[in-house]
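Structure record follows, encoded as structure tokens.
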Amino acid sequence: MTLPVIGAALPVDALPEYRDWLFDKDRDLEVQSFHDPELLRGDGWRDVAERARDLLAGFNGRLGIHGPFVGLSLNAPDPDVRAIVTRRLMTGLDACGVLDARQMVVHSPYTTWDHHNLDSHPGVRDDVIAQVHATLASVVRRAEDQGVTLVMENIEDVDPAERLRLVDSFGSDALKLSIDTGHAHYAHGITRAGPVDHVVRAAGAGLAHVHLQDADGYADRHWAIGRGTIRWHEVFRALADLPQRPHLVLELRDVADVRPSMRWLEAHGLGQ
């Protein structure tokens, strides 16, 4: 069996250190420098994107970015707030254009509170979907035109079916699912959601992107792989059963943990 090739989510400043490793196997790369609100308010993001483009000249791996997310809720009910969220996400697509990136991560709107209250009043579930459409519809249309796939990452999600229902409601190949393994493990530990491998299987053919990080089921740790309590063999078994090959990127609190994580995965026959 051919082991999956693992990539990384890295800020632009870390690209020179990991350039040879990334190029060696055309690894998946997610550039993570486009979420600072101050950077996004002006044109500073363009200098960052152009620097990344220059550092990645000749790169043949699958390339994406993490889109803007700080303080940006996709289901804001206030039209003025929605306009700001939409504008920030459009700036993310601008950055994708500079880099010729083909994926952009966005955050799920669902919270733990939502999980316990979506059925408390008639129409709440549909209201959330309608609010996200009001925010994201124009972004999805532009992503379609630009050849970018938006991937919606689980944050506090308890029931993966809710996020799948939301993504499917757009009826667009430009919006798919993302899974953060540490976020899923947090939900498993705190809210008794299913384990990470169950979340992978629930995503099925809609899964296009995975953040690989280890955690303890209590908080969002972004530890090196092997340091926490995620059952990695089951996770990779679930990934291997998928009909497609999602982007697989290590997303670690300390970028110095990329190589130790790779050593752990290689030693356990899970990745290369």
Side-chain angles (χ1 to χ4, degrees), residues 7-15 28-56 59 61-76 78-110 131-155 157 163 166-167 170 172-180 183 206-211 222 246-247 249-251:
L10 299 168
V12 173
D13 287 345
L15 294 179
D28 296 331
L29 171 62
E30 179 186 320
V31 179
Q32 289 202 323
S33 295
F34 304 104
H35 49 75
D36 180 357
E38 290 302 318
L39 185 72
L40 296 169
R41 288 181 66 198
D43 290 329
W45 65 267
R46 187 174 298 277
D47 292 336
V48 175
E50 289 174 350
R51 181 177 177 230
R53 181 192 60 197
D54 293 344
L55 289 168
L56 293 170
F59 180 62
R62 298 185 296 183
L63 179 60
I65 73 166
H66 199 306
F69 69 91
V70 178
L72 305 177
S73 175
L74 293 185
N75 66 327
D78 187 319
D80 292 337
V81 175
R82 286 202 300 263
I84 293 172
V85 178
T86 299
R87 187 162 67 247
R88 293 289 184 265
L89 294 173
M90 290 296 195
T91 300
L93 288 176
D94 288 340
C96 286
V98 172
L99 285 165
D100 196 25
R102 296 299 172 180
Q103 268 193 1
M104 184 170 83
V105 179
V106 298
H107 278 189
S108 169
Y110 291 106
Q131 288 160 0
V132 175
H133 274 258
T135 303
L136 205 57
S138 60
V139 182
V140 171
R141 288 194 297 271
R142 181 179 164 191
E144 291 171 342
D145 293 340
Q146 198 170 317
V148 173
T149 301
L150 307 175
V151 288
M152 187 177 288
E153 175 185 2
N154 57 315
I155 304 302
D157 304 63
R163 190 163 41 99
L166 171 59
V167 167
F170 281 82
S172 173
D173 286 338
L175 183 60
K176 297 289 187 180
L177 292 169
S178 166
I179 289 173
D180 183 296
H183 298 173
L207 183 61
H209 171 275
V210 181
H211 280 150
H222 291 269
H247 291 214
V249 294
L250 295 162
E251 190 191 42

- prompt: If we only count heavy atoms from C-beta on, is the Arg51 to Asp13 side-chain gap below 4.5 Å?
  reply: yes
Determine yes or no for a side-chain-to-main-chain donor-acceptor pair under 3.5 angstrom, with [X] supplying the side chain and [Y] the backbone.
{"X": "Asp157", "Y": "Ile155", "answer": "yes"}
{"X": "Asp180", "Y": "His183", "answer": "yes"}
{"X": "Thr91", "Y": "Leu40", "answer": "no"}
{"X": "Gln103", "Y": "Ala208", "answer": "yes"}

query: Can you name the residues that form a salt bridge (charged side-chain N to carboxylate O under 4.0 Å, His left out) with Arg87, not counting sequence neighbours?
result: none
What's the shortest heavy-atom distance between [X] and [Y], and which atoms?
{"X": "Asn75", "Y": "Gln131", "result": "O-OE1, 3.0 Å"}
{"X": "Val98", "Y": "Ala49", "result": "CG1-CB, 3.7 Å"}
{"X": "Val106", "Y": "Leu74", "result": "CG2-CD1, 4.4 Å"}
{"X": "Pro246", "Y": "Arg62", "result": "O-NH2, 3.2 Å"}
{"X": "Gln32", "Y": "His35", "result": "O-NE2, 3.5 Å"}
{"X": "Val140", "Y": "Ser172", "result": "CG1-OG, 3.6 Å"}

- prompt: Has Asp173 got more than 12 heavy atoms of other residues, nucleotides or ligands less than 6.0 Å from its CG?
  reply: no
query: Quick one: which of Val249, Leu150, Val151, Ile65 gives a side-chain contact (heavy atoms from CB on, under 4.5 Å) with Val105?
result: Val151
task: Check Val148, Asp94, Leu89 against Arg142 for a side-chain contact (heavy atoms from CB on, under 4.5 Å) and give me the one that passes.
output: Asp94
Straight-line distance of [X] [atom1] to [Y] [atom2], nearest 0.5 Å:
{"X": "Asp78", "Y": "Ser73", "atom1": "CG", "atom2": "OG", "value": "11.5 Å"}
{"X": "Asp100", "Y": "Leu56", "atom1": "CG", "atom2": "CG", "value": "11.0 Å"}
{"X": "Ser33", "Y": "Leu39", "atom1": "OG", "atom2": "CG", "value": "8.0 Å"}
{"X": "Met152", "Y": "Ile179", "atom1": "CE", "atom2": "CD1", "value": "13.5 Å"}
{"X": "Met104", "Y": "Leu175", "atom1": "CE", "atom2": "CG", "value": "10.5 Å"}
{"X": "Arg88", "Y": "Trp45", "atom1": "CZ", "atom2": "CH2", "value": "12.5 Å"}

query: Should Leu72 and Thr135 be marked as a side chain to side chain contact (heavy atoms under 4.5 Å, CB included) after you check the CA-CA gap, both sets of side-chain angles, and the distance that decides it?
result: CA-CA 10 Å; Leu72 305 177; Thr135 303; over 6 Å; no
field: His66/Phe34 aromatic ring centres below 6.0 Å
entry: no
query: Parallel, tilted or perpendicular for Phe69 and His107, by the 30°/60° rule?
result: tilted
- request: Output yes when Glu38 and Arg41 qualify as a salt bridge under the 4.0 Å nitrogen-oxygen rule, no when they do not.
  value: yes
- prompt: Given the rule in the side chain to side chain contact (heavy atoms under 4.5 Å, CB included) test, do Leu10 and Leu29 qualify, once you have shown the distances and angles that lead to the verdict?
  reply: CA-CA 7 Å; Leu10 299 168; Leu29 171 62; 4.2 Å; yes
query: Among Arg163, His211, His209, which residue meets the side chain to side chain donor-acceptor pair (under 3.5 Å) test with Glu153?
result: His211
- request: Please step through side chain to side chain contact (heavy atoms under 4.5 Å, CB included) for the pair Leu63 and Arg102, ending with a clear verdict.
  value: CA-CA 6 Å; Leu63 179 60; Arg102 296 299 172 180; over 6 Å; no
